[in-house]
*Asks:* 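Quick one: the structure is below, questions incoming.
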Amino acid sequence: MTKRAPQSLLPLLLSLSLAGPAAHAAVLADSDLADLSIEQLSNIVITSVSRQDERLSNAAASVFIITGSELRRSGVRSLPEALRLAPNLQVARIDARNYAVTARGFNNAFENKLLVLIDGRSVYSPLFSGVYWDAQDVVMEDVERIEVISGAGATIWGVNAVNGVINVITRSAKDTQGGLASVAGGADEKDGTLRYGGKLDNGAHYRLYARYMDVDATTSAAGKDTVTGMRRRLAGFRADMDVLQGGFTMLGNAYQGALGQATTRDIYISGANLVSRYTRKLPGDADLRVQLVLDHTERNQPANFIERLDTAELEAQHGVRFGRVHSLVWGGGYRHSRDQVTPGGYAFLPGKLNMHWGNLFAQDEIAVTPQFKLTAGLKAEHNNYTGAEYLPSLRAAWMPDAAQLLWASLARTVRAPSRIDRDWYVPGTPIIIAGQPRFVIGGGQQFESEVANVAELGYRAQPSARWSYSGTLFYADYDKLRTMEPLPVLGSEFRNLGQATTRGLELWARWQATPNWRLSGGLTAQNVKLGLKPGSRDSLQAGIFLPNDPRLHWLLRSSHELSDAQQLDLTLRYNGKLPHPVVPSYYEMDVQWLWRVRPDVDVALIGQNLLHARHAEWAAAPNRSVLERSALLKVTWRF
């Protein structure tokens, strides 16, 4: 997909500016112009730490919340770009459609130690234990918040939550009534969104939405087109209703896309998913949650492979309190995937595979005193590669007063093998040597689970109504990490002869400098030390799976209400030098100026990467992509 001349937005701008005033009461509520106060942010109810409702200020974990208001004020239009707003995440844009996203190190294009959920649905790929970021899309205007937890979350979420959990939570259909249309365009990117929400006679609320995104290819450092643009379409719905003395939510979407890749035809992706969730408050301050997920994805990657994946997942949890001391949440789930991979340039053998993950978990929060709490949990999860894995955790939290929290945690977590660890063969057709089939990469039938033992110490405080801050020290010891070991005759296979330690500091704060001006920011300073066990002859050191992490990355945001109708938001970010391959450190700034032309029409001017004409974020020169300075115009109409 090559670059194309931008299409004019003038006809659309004229039509929106001439539109009549909106009469729907949801217009002002949907606009989200007013940010939450610092105190309200501290009291946000989150669910990702314990799978139960708890205030952010009470959560004994390293949690950063990206609010829906911050998303809309920043001008981001894709999920990976939205995650740049979390200082405890490292986000690198590889090219027009590919990203590397991680927490606490081990970043690469096939990052495999981070669990990502969208409205309770895991977007984990069992092919490589990671996320296809070019297939994920959400309507930013409908996102309520993104909960970003750095650190081990396996006791609650399972074997893939090694270094963190990202939980994208969209708003209830009740909160998105009326219509919304938005369009954004610039020289290399354009997208549009249409959404409508209504109410049925039985009291149920719903919304329908459709979205389109078109991104042109980036340019390489050598000045050549990278052929990595994409076109993607998304349509979906959400319905929320009261039923059976509880709440029932059903949501789903379907998508299609064409993704550019060098030297061959476009990659074609498609999929559809459905999530049904029932929640109910029970007597005695107890609660029940049951969820069913159905998911189908297809990825046709010419010259490489074609994958069709069908997944069904059922999970249930029950929360109950025993007196004033114990707050127990327990439950279990079962996930089944049927994976069919047709070989191309390489193969996954067997080509068809049924996979399962079954789990039982329990976590008890014990109020030793009103100020001191202990939380102990254990999850047992079974998979078809390594059998049972046991994932314990222990947390302690002390609140000397309502404005402070000191906490510490210990946890064991694992990354279970994926198909790429056990079943990946290159080339797709074996080489015959002395009558025996041989491969350059010949699977890894002995590959075991990677293991991490993690310790954390954190402090969170709100000294006044105008500012708050949080800091976390972390240390992790990793064992049985993936290496690529040479075979006696030809080729290599994956083994577990790597080890590593990580240590560092995560720090962020928010300050309401004046009633109309807020500053926020944060940093992660880390040291990732990789090593090999005796006997390893690892050949992965120059490979595509080698982690590449900076020692420091930070961001600073300024949000200013210029007037009742105008906002100015600036984001300054820094990423330190990447070591292998070397990518220079860089500073960049993104800006959005928003003007509320009418109560129902916003016009925003968005500037990206404004400090430099071009910069690189990933891969080796001269073929790596460079990201250029750009400007976009966005118009939003609520009706």
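We're numbering straight along the sequence, starting at 1.
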*Asks:* Given 3.5 Å as the limit, does a donor-acceptor pair link the side chain of Glu147 with the main chain of Ile169, or not?
*Replies:*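 Such a contact is absent between Glu147 side chain and Ile169 backbone.
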*Asks:* If I take atom CG from residue Asp602 and atom CG from residue Leu594, how far apart are they, to the nearest 0.5 angstrom?
*Replies:*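 Separation between the atoms: 4.5 Å.
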*Asks:* Quick check: closest heavy atoms across Asn160 and Asn112, and the distance to 0.1 Å?
*Replies:*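 Heavy-atom minimum between the residues: OD1-O, 3.5 Å.
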*Asks:* Flag the pair Glu315 and Arg51 as a salt bridge only when some basic side-chain nitrogen lies within less than 4.0 angstrom of an acidic carboxylate oxygen.
*Replies:*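 The answer is yes: the pair qualifies as a salt bridge.
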*Asks:* Kindly indicate whether a cation-pi arrangement holds for Arg93 with Trp133, taking the cut-offs as under 6.0 Å to the six-membered ring centre and within 45° of the axis.
*Replies:*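 Here Arg93 fails the 6.0 Å and 45° test against Trp133.
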*Asks:* Kindly say whether Arg72 contributes a backbone atom to a donor-acceptor pair with the side chain of Gln592 at under 3.5 angstrom?
*Replies:*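 Yes, Gln592 side chain to Arg72 backbone: donor-acceptor pair under 3.5 Å.
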*Asks:* Tell me whether Arg232 is salt-bridged to Asp191, with the criterion being a basic N under 4.0 Å from an acidic carboxylate O.
*Replies:*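 Answer for the salt bridge query: no.
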*Asks:* Just by distance, with hydrogens left out, do Thr228 and Thr226 show a side-chain donor and acceptor under 3.5 Å apart?
*Replies:*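 Yes, because at least one side-chain N or O of Thr228 sits under 3.5 Å from a partner of the opposite role on Thr226.
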*Asks:* Under the criterion side-chain hydrogen bond (donor to acceptor under 3.5 Å, both in side chains), I'd like the reasoning laid out for Glu111 against Thr102: C-alpha separation, chi angles, the key distance, then a yes or no.
*Replies:* CA-CA 7 Å; Glu111 197 283 333; Thr102 193; 3.3 Å; yes
*Asks:* Does the distance from a Lys or Arg side-chain N to an Asp or Glu carboxylate O, for Glu70 and Arg145, drop under 4.0 Å?
*Replies:*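 Result for this pair is no, no salt bridge flagged.
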*Asks:* Find out whether Asp142 and Arg195 are in side-chain contact, i.e. whether some heavy atom of one side chain is under 4.5 Å from a heavy atom of the other.
*Replies:*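 Yes - at least one pair of side-chain heavy atoms lies under 4.5 Å apart.
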*Asks:* Looking at Lys634 and Glu141, does any basic side-chain N land under 4.0 Å from a carboxylate oxygen?
*Replies:*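 Yes, this pair counts.
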*Asks:* Quick check with a 6.0 Å cut-off and a 45 degree axis cone: is Arg422 positioned over the face of Phe447's six-membered ring?
*Replies:*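 Ring-cation test returns no.
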*Asks:* Measuring only between side-chain heavy atoms, which start at C-beta, is Leu114 closer than 4.5 Å to Ile166?
*Replies:*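 Yes, their side chains come closer than 4.5 Å.
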*Asks:* For the ring pair Tyr334 and Trp357, is the centre-to-centre distance below 6.0 Å?
*Replies:*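 Tyr334 vs Trp357: aromatic centres not under 6.0 Å.
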*Asks:* Can you spot which of Arg73, Arg77, Arg84, Arg573 makes a salt bridge (Lys or Arg N to Asp or Glu O under 4.0 Å) with Asp590?
*Replies:*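 Among the candidates, only Arg573 passes.
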*Asks:* Can you check whether Asp95's main-chain N or O pairs, donor with acceptor, with Asn98's side chain at less than 3.5 Å?
*Replies:*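 No, the answer is negative, given that no donor and acceptor are paired below the 3.5 Å cut-off.
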*Asks:* Would you find a donor on one side and an acceptor on the other, under 3.5 Å apart, between the side chain of Asn107 and the backbone of Val101?
*Replies:*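 At least one qualifying donor-acceptor pair exists.
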*Asks:* CG/Asp137 to CG/Leu79 distance, rounded to the nearest 0.5 angstrom?
*Replies:*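 The CG atom of Asp137 sits 8.0 Å away from the CG atom of Leu79.
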*Asks:* Before accepting this row, confirm whether a basic side-chain N of the pair Glu144/Arg171 lies closer than 4.0 Å to the acidic partner's carboxylate O.
*Replies:*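 Here Glu144 does not pair with Arg171 in a salt bridge, since their nearest N and O are not under 4.0 Å apart.
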*Asks:* Apply side-chain hydrogen bond (donor to acceptor under 3.5 Å, both in side chains) to Ser449 and Arg415, showing your working.
*Replies:* CA-CA 5 Å; Ser449 294; Arg415 182 187 73 84; over 6 Å; no
*Asks:* Using the test ring pair (Phe, Tyr, Trp, His ring centres under 6.0 Å), find all partners of Tyr255 that sit at least two apart in sequence or belong to another chain.
*Replies:*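 Result, ring pair (Phe, Tyr, Trp, His ring centres under 6.0 Å) vs Tyr255: none returned.
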*Asks:* Hey, are His205 and Asp240 close enough side-chain-wise for a donor-acceptor pair under 3.5 Å?
*Replies:*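 No, His205 and Asp240 have no side-chain donor paired with an acceptor closer than 3.5 Å.
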*Asks:* When you check the gap from the basic side-chain N to the acidic O, do Asp310 and Arg338 get nearer than 4.0 Å?
*Replies:*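 Looking at Asp310 and Arg338, the cut-off is met.
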*Asks:* Test your reading of the model: is there a side-chain donor-acceptor pair from Trp424 to the backbone of Glu493, 3.5 Å cut-off?
*Replies:*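 No, Trp424 side chain to Glu493 backbone: no donor-acceptor pair under 3.5 Å.
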*Asks:* Looking only at heavy atoms, which two atoms of Asn383 and Ala416 are closest? And how far apart?
*Replies:*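 Nearest heavy atoms, Asn383 then Ala416: ND2-CB, 3.7 Å.
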*Asks:* Would you please say whether a donor-acceptor pair under 3.5 Å links the side chains of Asp423 and Tyr425?
*Replies:*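 Per modelled atom types, Asp423 and Tyr425 side chains form no pair under 3.5 Å.
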*Asks:* Looking only at heavy atoms, what is the nearest atom pair of Ala109 and Ile94, with distance?
*Replies:*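 For Ala109 and Ile94, the tightest heavy-atom pair comes out as CB-CD1, 3.6 Å.
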*Asks:* Between the main-chain N or O of Gly247 and the side-chain N or O of Asp242, is there a donor-acceptor pair closer than 3.5 Å?
*Replies:*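 Checked: no pair found.
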*Asks:* Donor-acceptor check, side chain of Ser220 to backbone of Lys224, threshold 3.5 angstrom: yes or no?
*Replies:*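 Checking the backbone N and O of Lys224 against the side chain of Ser220, a donor-acceptor pair under 3.5 Å is found.
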*Asks:* Report yes if the side chains of Gln301 and Ile306 come closer than 4.5 Å at any heavy-atom pair, otherwise no.
*Replies:*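 No, every pair of side-chain atoms sits at 4.5 Å or beyond.
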*Asks:* Between Phe106 and Phe110, does the ring-ring contact (aromatic ring centres under 6.0 Å, His included) criterion hold? Intermediate values first, please.
*Replies:* CA-CA 10 Å; Phe106 298 94; Phe110 298 93; over 10 Å; no
*Asks:* Step by step, work out the side-chain hydrogen bond (donor to acceptor under 3.5 Å, both in side chains) result for Asp421 and Ser418.
*Replies:* CA-CA 5 Å; Asp421 301 309; Ser418 62; 3.0 Å; yes
*Asks:* Are a donor atom and an acceptor atom from the side chains of Asn273 and Asn253 found within less than 3.5 Å of each other?
*Replies:*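 Yes, because at least one side-chain N or O of Asn273 sits under 3.5 Å from a partner of the opposite role on Asn253.
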*Asks:* Tell me yes or no: between the side chains of Tyr99 and Glu81, is some donor less than 3.5 Å from an acceptor?
*Replies:*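 Per modelled atom types, Tyr99 and Glu81 side chains form a pair under 3.5 Å.
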*Asks:* As a quick check of understanding, evaluate side-chain hydrogen bond (donor to acceptor under 3.5 Å, both in side chains) for Ser625 and Thr218, giving each step before the final call.
*Replies:* CA-CA 6 Å; Ser625 289; Thr218 52; 2.8 Å; yes
*Asks:* With rounding to the nearest 0.5 Å, note down the distance linking CG in Leu115 to CG in Asn163.
*Replies:*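 With rounding to 0.5 Å, CG (Leu115) is 11.5 Å from CG (Asn163).
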*Asks:* Return the OH to CD distance between Tyr278 and Gln291, rounded to the nearest 0.5 Å.
*Replies:*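 Tyr278 OH to Gln291 CD: 15.0 Å, rounded to 0.5 Å.
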*Asks:* Answer whether the closest heavy-atom distance between the side chains of Ile269 and Glu298 falls below 4.5 Å.
*Replies:*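 Side chain of Ile269 against side chain of Glu298, heavy atoms only: no contact under 4.5 Å found.
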*Asks:* Any donor-acceptor pair under 3.5 Å linking the side chain of Asp119 with the backbone of Thr170?
*Replies:*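 Yes, Asp119 side chain to Thr170 backbone: donor-acceptor pair under 3.5 Å.
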*Asks:* Contact between Trp618 and Arg624 at the side-chain level, heavy atoms closer than 4.5 Å - yes or no?
*Replies:*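 Contact flag for Trp618/Arg624 side chains = no.
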*Asks:* Using atom types as modelled and distance alone, determine if a side-chain donor or acceptor of Ser337 lies under 3.5 Å from a backbone N or O of Asp339.
*Replies:*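 Pair absent, no side-chain N/O of Ser337 close to backbone of Asp339.
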*Asks:* Side chains of Ser270 and Gln256: any donor to acceptor distance under 3.5 Å?
*Replies:*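 The criterion, which ignores hydrogens and geometry beyond distance, is not satisfied for Ser270 and Gln256.
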*Asks:* Would Thr386 and Glu389 count as having a side-chain donor-acceptor pair, cut-off 3.5 Å?
*Replies:*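 Note: Thr386 and Glu389 side chains meet the donor-acceptor criterion.
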*Asks:* Calculate, to the nearest 0.5 Å, the distance between atoms CD1 and CD1 belonging to Ile146 and Ile65 respectively.
*Replies:*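 Here the interatomic distance stands at 9.5 Å.
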*Asks:* Closest approach of Gly428 and Phe439, non-hydrogen atoms and distance?
*Replies:*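 Taking Gly428 first and Phe439 second, the nearest heavy atoms are O-CE2, 4.4 Å.
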*Asks:* How about Phe128 and Tyr132: are their ring centroids closer than 6.0 Å?
*Replies:*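 Phe128 vs Tyr132: aromatic centres under 6.0 Å.
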*Asks:* Write down the atom of Asp134, the atom of Leu259, and the distance for their closest heavy-atom approach.
*Replies:*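 The answer is OD2-CD1, 3.3 Å.
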*Asks:* Can you tell me which residue among Val168, Val91, Val116 is in a side-chain contact (heavy atoms from CB on, under 4.5 Å) with Leu83?
*Replies:*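 Among Val168, Val91, Val116, the one meeting side-chain contact (heavy atoms from CB on, under 4.5 Å) with Leu83 is Val91.
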*Asks:* Is there a side-chain contact between Gln136 and Pro80 (heavy atoms, below 4.5 Å)?
*Replies:*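 Side-chain contact under 4.5 Å: no.
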*Asks:* Would you say Ser48 and Val63 make side-chain contact, with heavy atoms under 4.5 Å?
*Replies:*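 Counting from C-beta outward, Ser48 and Val63 never come under 4.5 Å.
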*Asks:* Closest approach of Arg277 and Gly120, non-hydrogen atoms and distance?
*Replies:*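 What the structure gives for the nearest pair is NH1-CA, 4.5 Å.
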*Asks:* Is any side-chain heavy atom of Lys174 closer than 4.5 Å to a side-chain heavy atom of Lys199?
*Replies:*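 When only atoms from C-beta onward are counted, Lys199 and Lys174 do not touch, as no gap falls below 4.5 Å.
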*Asks:* Indicate yes or no: does Glu628 engage Arg614 in a salt bridge with an N to O separation below 4.0 Å.
*Replies:*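 Between Arg614 and Glu628 there is a salt bridge, with a charged N closer than 4.0 Å to a carboxylate O.
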*Asks:* Is a side-chain donor or acceptor of Gln317 paired with a backbone partner of Arg289 at a separation under 3.5 angstrom?
*Replies:*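 No, the answer is negative, given that no donor and acceptor are paired below the 3.5 Å cut-off.
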*Asks:* Which value, rounded to the nearest 0.5 Å, describes the distance between Met140 atom CE and Leu71 atom CG?
*Replies:*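 Result: 6.0 Å between the selected atoms.
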